[in-house]
Amino acid sequence: LLGRHLPLAGSFVEHSMKAGHTVETSHAQGASVHGALLAGGDIQTMRLVPVVASQRLPDGRVALGTIGFYSRRAQPFTRVQRTLIDDFASLVSLSLQRAALLRAVRVTAHRLEVAIELAVDISASLDEREVVRRMLDRLLETVAAERAALLRIDSAETVVEDSRDVLGIPDVIGYRMPVAMQPLMAEALRTQRPVVGGTYDRGALPAALQRALSGVRHTLSVPLVLSGEVIAVVVLSRRRDVVFGADEVATVQLVGNLAALALRNSWLYAEAQEASRIKSDFLNMA
């Protein structure tokens with residue numbers, strides 16, 4: 001049965017996890033919602049021990065599952081067997097808890113490493129187009145997305161600034177669309193937090209943009225927040241059926257904070273360059 005998914009509702013496993021204590025029965029086949037499955041293995045007795053972490057893990061879990069011991073004999077486990085089973089379950093709980101904490105440390109370290117690499121990469125240039133290109137490329141690589149687009153917030157509208165697509169499908173640069181017509185975008189602006197979503201409603205989009213978004217199954221809208229204001233939103237998309245996970249969302253959120261600062265610096269630099277050009281033109285004319 002390795003890898004097989006079984007319903008949790010109404011099972012002894014659910015009861016053990018919710019109650020937080022060991023469940024043992026010598027009438028497994030008749031009392032379990034998985035009675036037919038147990039009968040197929042001629043299982044008569046089972047003892048389920050909840051695997052519980054001693055502290056809440058970084059992903060919020062406390063109950064990790066159960067360890068089940070099964071017997072083809074219709075008689076309870078002996079006192080010695082119960083002691084061994086319960087002690088073994090305690091060791092497994094501790095091991096899984098340590099493994100989860102170690103994984104969390106590694107994920108956090110990777111997240112910080114990605115953020116540092118991005119900061120170094122995008123700070124190497126003040127050219128707006130170059131900053132945006134590097135940022136989108138890095139985000140695509142970080143979460144293994146297949147499409148990334150940067151949408152600037154202009155009052156109540158979004159404006160497509162640039163995009164990157166692993167298939168080379170171009171976007172409609174400069175395309176404007178009211179935020180009110182984009183539920184996921186509106187939520188990202190309202191909460192100022194990443195929003196995981198599904199497919200696009202492409203009905204109101206121009207033909208070129210419909211082609212570009214064809215086949216997209218999962219999206220992640222990441223607001224770039226600076227001084228409490230959303231200045232732009234990065235939309236990451238996947239055509240394959242893999243939902244963006246919590247670790248990926250957290251990583252992109254951290255990267256987004258750095259990207260917002262780099263993007264604002266590039267805009268200020270562009271404005272300064274334009275002001276300098278206008279001043280030079282005026283002086284030349286004078």
Side-chain angles (χ1 to χ4, degrees), residues 1-79 81-104 106-107 143-144 183-184 187 191 193-199 201 216-221 238-251 253:
L1 299 178
L2 186 63
R4 178 172 172 178
H5 291 252
L6 299 173
L8 184 63
S11 66
F12 278 109
V13 171
E14 180 188 44
H15 176 62
S16 176
M17 290 177 64
K18 284 187 175 181
H21 62 67
T22 300
V23 172
E24 182 177 324
T25 178
S26 296
H27 307 283
Q29 296 181 15
S32 173
V33 294
H34 304 308
L37 190 64
L38 296 172
D42 193 26
I43 299 300
Q44 304 293 332
T45 303
M46 65 180 176
R47 182 176 178 83
L48 302 176
V49 184
V51 179
V52 182
S54 61
Q55 65 185 70
R56 189 171 296 277
L57 299 178
D59 60 7
R61 291 181 300 158
V62 175
L64 307 180
T66 60
I67 296 181
F69 290 82
Y70 305 87
S71 173
R72 294 187 174 89
R73 293 180 296 177
Q75 61 186 50
F77 289 97
T78 66
R79 183 177 60 83
Q81 287 175 321
R82 289 172 178 169
T83 300
L84 290 173
I85 289 173
D86 294 348
D87 287 348
F88 179 74
S90 297
L91 291 173
V92 171
S93 297
L94 180 60
S95 297
L96 290 178
Q97 179 177 326
R98 288 181 172 177
L101 292 173
L102 179 59
R103 179 182 179 278
R106 288 173 175 168
V107 168
V143 298
L184 297 178
E187 184 179 352
T191 62
R193 297 182 63 84
V195 176
V196 177
T199 58
D201 181 4
V216 169
R217 306 180 70 173
H218 299 283
T219 60
L220 174 59
S221 302
R238 281 177 177 159
R239 296 182 176 94
R240 67 189 190 281
D241 192 13
V242 178
V243 180
F244 289 97
D247 289 341
E248 294 172 321
V249 172
T251 300
Q253 187 173 20

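Fair warning: this is a prediction, and the values are worked out from it, not measured in the lab. Counting from 1, the numbers follow the sequence of the chain as shown.
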(message) Would you say CZ of Arg240 has more than 12 non-hydrogen atoms from neighbouring residues, nucleotides or ligands within 6.0 angstrom?
(response) yes
(request) State, to 0.1 Å, how close Asp241 and His218 come at their nearest heavy-atom pair, and which atoms those are. (result) OD1-NE2, 2.6 Å
(message) For Leu8 versus Glu14, what's the shortest heavy-atom pair and its separation?
(response) O-CB, 3.2 Å
(message) To the nearest 0.5 Å, what is the distance between OG1 on Thr25 and CD on Gln44?
(response) 10.5 Å
(request) Would you check, one step at a time, whether the test side-chain contact (heavy atoms from CB on, under 4.5 Å) holds for His21 with Val23? (result) CA-CA 7 Å; His21 62 67; Val23 172; 4.3 Å; yes
(request) Would you confirm whether Ser71, through its side chain, and Arg73, through its main-chain N or O, come within 3.5 Å as a donor-acceptor pair? (result) yes
(message) Can you tell me if Phe88 has over 12 outside heavy atoms packed within less than 6.0 Å of its CZ?
(response) no
(request) Could you tell me the separation between the CD atom of Gln75 and the OG atom of Ser26, rounded to the nearest 0.5 Å? (result) 8.0 Å
(request) Could you tell me the separation between the CG atom of Leu57 and the CZ atom of Arg103, rounded to the nearest 0.5 Å? (result) 11.0 Å
(message) Can you give me the closest heavy-atom contact between Pro7 and His34, atom names plus distance?
(response) O-NE2, 3.0 Å
(request) Mark yes when over 12 heavy atoms from residues, nucleotides or ligands other than His27 sit less than 6.0 Å from its NE2; otherwise mark no. (result) no
(message) To the closest 0.5 Å, what do you measure between CG (Asp86) and CG (Leu91)?
(response) 11.5 Å
(request) For Arg193 and Glu187, indicate whether the former's side chain and the latter's backbone hold a donor-acceptor pair under 3.5 Å. (result) no
(message) Is it the case that the side chain of Gln97 and the backbone of Ser54 share a donor-acceptor pair, with hydrogens and angles ignored and the cut-off at 3.5 Å?
(response) yes
(request) Write down the atom of Ser93, the atom of Pro50, and the distance for their closest heavy-atom approach. (result) OG-O, 4.4 Å
(message) If you apply the rule side-chain contact (heavy atoms from CB on, under 4.5 Å), what do you find for Thr22 with Arg47, and how did you get there?
(response) CA-CA 7 Å; Thr22 300; Arg47 182 176 178 83; 3.5 Å; yes
(request) Might you point out which heavy atoms bring Gly198 and Leu184 nearest each other, and give the distance in Å? (result) N-CD1, 4.4 Å
(request) Taking the side chain as every heavy atom from C-beta outward, state whether Met46 and Leu38 have any pair of such atoms under 4.5 Å apart. (result) yes
(message) Please evaluate residues Val143 and Arg238 with respect to the criterion side-chain contact (heavy atoms from CB on, under 4.5 Å), reporting the C-alpha separation (whole Å), side-chain torsions for both, the decisive distance (0.1 Å), and the verdict.
(response) CA-CA 10 Å; Val143 298; Arg238 281 177 177 159; 4.2 Å; yes
(request) Search all heavy atoms of Val49 against all heavy atoms of Ser16 and return the closest pair with its distance. (result) C-OG, 4.2 Å
(request) Output the distance between atom CG (Leu84) and atom CZ (Phe77), rounded to the nearest 0.5 Å. (result) 11.5 Å
(message) Measuring from atom CG of Leu37 to atom CZ of Arg4, what distance do you get when rounded to the nearest 0.5 angstrom?
(response) 5.5 Å
(message) Working note: Leu48 + Tyr70, criterion side-chain contact (heavy atoms from CB on, under 4.5 Å); need CA distance, chi angles, decisive distance, verdict.
(response) CA-CA 9 Å; Leu48 302 176; Tyr70 305 87; 3.6 Å; yes
